[in-house]
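Here's the structure we're looking at; comments come further down.
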Amino acid sequence: MEYKKNFSPLQLNLGIQYSEIAPCTELISCIAYYWEFSSELSTPSQYQVVPDACVDLILNLNSEGPVLISLSPTSLESFPIQPGDRWFGIRFLPSGIRRFFKMDLGEVKAQTSPFLEIFPTEAKELEEKLRISNSFFNRIKTCDLYFSGLLRKKVLETDPRIETSLKEIYSDFQKPTEKLGFQISSRHLRRLFSENIGLSPKEFAKVLRFQTVLRNWKENGNLEIGEGFYDQSHFIKDWKKFTGLTPSSLRKFR
């Protein structure tokens, strides 16, 4: 299943130097892209993380800290950054990280935590490889080789019920979850989504709706009430929850 055709996650990336590059062809159904950013400010600041339904593995290249796993928030979250910080990350598409690591995302207690607490051997190996890669280009090559190797060694398939659900929600994020194309209870569906994506089906659909509006703003400059919002006040309330900004205050960044 090629999630890449259906969904390409976005972040606001305001006030930072930011780059992103797609992975090799073998990985595009699991990894959205590799990214790197550095702060442009001379004082400590906050990186604003908006919901995107993805899971990231991230590393601060200018500190001795470990590789971290970061789950998508359900509302705006702030991540402290220091002057001169340079962060590298691997952004996995929804359920993509489970093609490499067998884990229950619903059991990850914190939004951001050391990956070595879950997979100590793999986290250490990945960190060592990234530490000796001396450029963004080389870190991408390192990750392409590392994750392609993992994909060939492991046989971790995505649950077909999750595959079906994602396809249906990507094509219509307003579709009631009870009408998804298979017969399981709502409780079972929520458990499957929690385990595979770290969100409930309704939270996931809500994030997709937000991401659709965000893409329209980034690509066309249009920040208008989108499909699935009941009215303007509902749209403004959700937009502020996801970005920390009102639509009118965000327009000045274009």
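Rounding to the nearest 0.5 Å places NZ of K240 at 13.5 Å from OG of S75. The line from CG of L189 to CD1 of I162 is 6.5 Å long, rounded to the nearest 0.5 Å. With rounding to the nearest 0.5 angstrom, the CZ atom of F193 is 11.0 Å from the CD atom of E203. One distance of note links CE of M103 with CG of N196; it measures 11.0 Å at 0.5 Å rounding. To the nearest 0.5 Å, atoms OG1 (T158) and CD (E163) are separated by 5.0 Å. Atoms CD and CD1, on E117 and I69 in that order, are 10.5 Å from each other to the nearest 0.5 Å.
In this structure, the side chain of S45 does not engage the main chain of L41 through any donor-acceptor pair within 3.5 Å. Looking only at distances, no side-chain donor or acceptor of Q211 sits under 3.5 Å from a matching main-chain atom of K206. The main-chain N or O of R190 is never found under 3.5 Å from a side-chain atom of S194 such that the two would form a donor-acceptor pair. Remark: side-chain polar atoms of D144 are not paired, donor with acceptor, to backbone N or O of P23 under 3.5 angstrom.
By the criterion of side-chain heavy atoms lying less than 4.5 angstrom apart, applied directly or through intervening Ile, Leu, Val, Met, Phe, Trp or Tyr residues, V108 is not grouped with L116; the two fall into different hydrophobic clusters. Linking ILVMFWY side-chain heavy atoms closer than 4.5 Å, directly or via other members, places I16 and L68 in a single hydrophobic cluster. Cluster membership for L145 and L126, using ILVMFWY side-chain heavy atoms within less than 4.5 angstrom, is not shared.
Between I31 and L93 the shortest side-chain heavy-atom distance does not fall below 4.5 Å. With contacts defined as side-chain heavy-atom distances shorter than 4.5 Å, the pair R98/E195 qualifies. Inter-residue side-chain proximity for Y33 and I21 is flagged as unmet; no heavy-atom pair is nearer than 4.5 Å. Residues L151 and S148 are not in side-chain contact: their nearest non-hydrogen atoms beyond the backbone lie 4.5 Å or more apart. Residues S72 and V55 are not in side-chain contact: their nearest non-hydrogen atoms beyond the backbone lie 4.5 Å or more apart. Residues W35 and S19 form no side-chain contact, since every pair of their non-hydrogen atoms from C-beta on lies 4.5 Å or further apart. Residues R161 and L192 form a side-chain contact, since some pair of their non-hydrogen atoms from C-beta on lies under 4.5 Å apart. Put simply, the side chain of T74 does not reach to within 4.5 Å of the side chain of F242, judged on heavy atoms.
In summary, the side chains of E20 and Y18 do present a donor paired with an acceptor at a separation below 3.5 Å, with no hydrogens or angles considered. In the model, Q11 has a side-chain atom that pairs as donor or acceptor with a side-chain atom of D52 under 3.5 Å.
Closest approach of P66 to P114, counting heavy atoms only: CG-CB, 4.1 Å. For E168 against S171, the heavy-atom pair with the smallest separation is O-OG, 2.9 Å. Contact record, Q82 with P44: OE1-CG, 3.4 Å, taken as the closest heavy-atom pair. Q46 approaches P80 most closely through the heavy-atom pair OE1-N, 3.8 Å. Contact record, K218 with N13: NZ-ND2, 4.4 Å, taken as the closest heavy-atom pair. Between C143 and I90, the shortest heavy-atom distance links the atoms SG-CD1, 3.8 Å.
Scanning for side-chain contact (heavy atoms from CB on, under 4.5 Å) contacts around N60 gives N62, S63, D85, W87, with sequence neighbours left out. Every side-chain hydrogen bond (donor to acceptor under 3.5 Å, both in side chains) that D238 has, sequence neighbours left out, goes to R209. Partners of E26 by salt bridge (charged side-chain N to carboxylate O under 4.0 Å, His left out), not counting sequence neighbours, listed by chain and number: R152. Residues satisfying the salt bridge (charged side-chain N to carboxylate O under 4.0 Å, His left out) test with D104, not counting sequence neighbours, are none. Residues satisfying the salt bridge (charged side-chain N to carboxylate O under 4.0 Å, His left out) test with E127, not counting sequence neighbours, are R131.
The aromatic rings of F88 and Y34 lie parallel to each other, with less than 30° between the two planes, well short of the 60° mark.
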I58 vs V67, test: side-chain contact (heavy atoms from CB on, under 4.5 Å). Steps then yes/no. CA-CA 6 Å; I58 61 178; V67 172; over 6 Å; no
After noting the C-alpha distance and the side-chain angles of L214 and L12, does the key distance pass the side-chain contact (heavy atoms from CB on, under 4.5 Å) rule? CA-CA 8 Å; L214 180 60; L12 287 175; 3.7 Å; yes
F101 vs E122, side-chain contact (heavy atoms from CB on, under 4.5 Å): CA-CA, chis, key distance, verdict: CA-CA 9 Å; F101 306 106; E122 290 87 347; 3.9 Å; yes
Could you give me the CA-CA distance, side-chain angles and deciding distance for F137 and K141, then say whether side-chain contact (heavy atoms from CB on, under 4.5 Å) is met? CA-CA 6 Å; F137 177 73; K141 283 177 62 179; 3.4 Å; yes
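F100 pairs with exactly one of F119, F147, Y146, F115 by the ring pair (Phe, Tyr, Trp, His ring centres under 6.0 Å) rule, that one being F147.
Checked against a 6.0 Å centroid threshold, the rings of Y47 and F37 count as neighbours.
Heavy-atom neighbours of K129 NZ from other residues, nucleotides or ligands within 6.0 Å: at or below the threshold of 12.
Among residues at least two apart or in separate chains, salt bridge (charged side-chain N to carboxylate O under 4.0 Å, His left out) pairs with a member in residues 56-68 are D56-R91.
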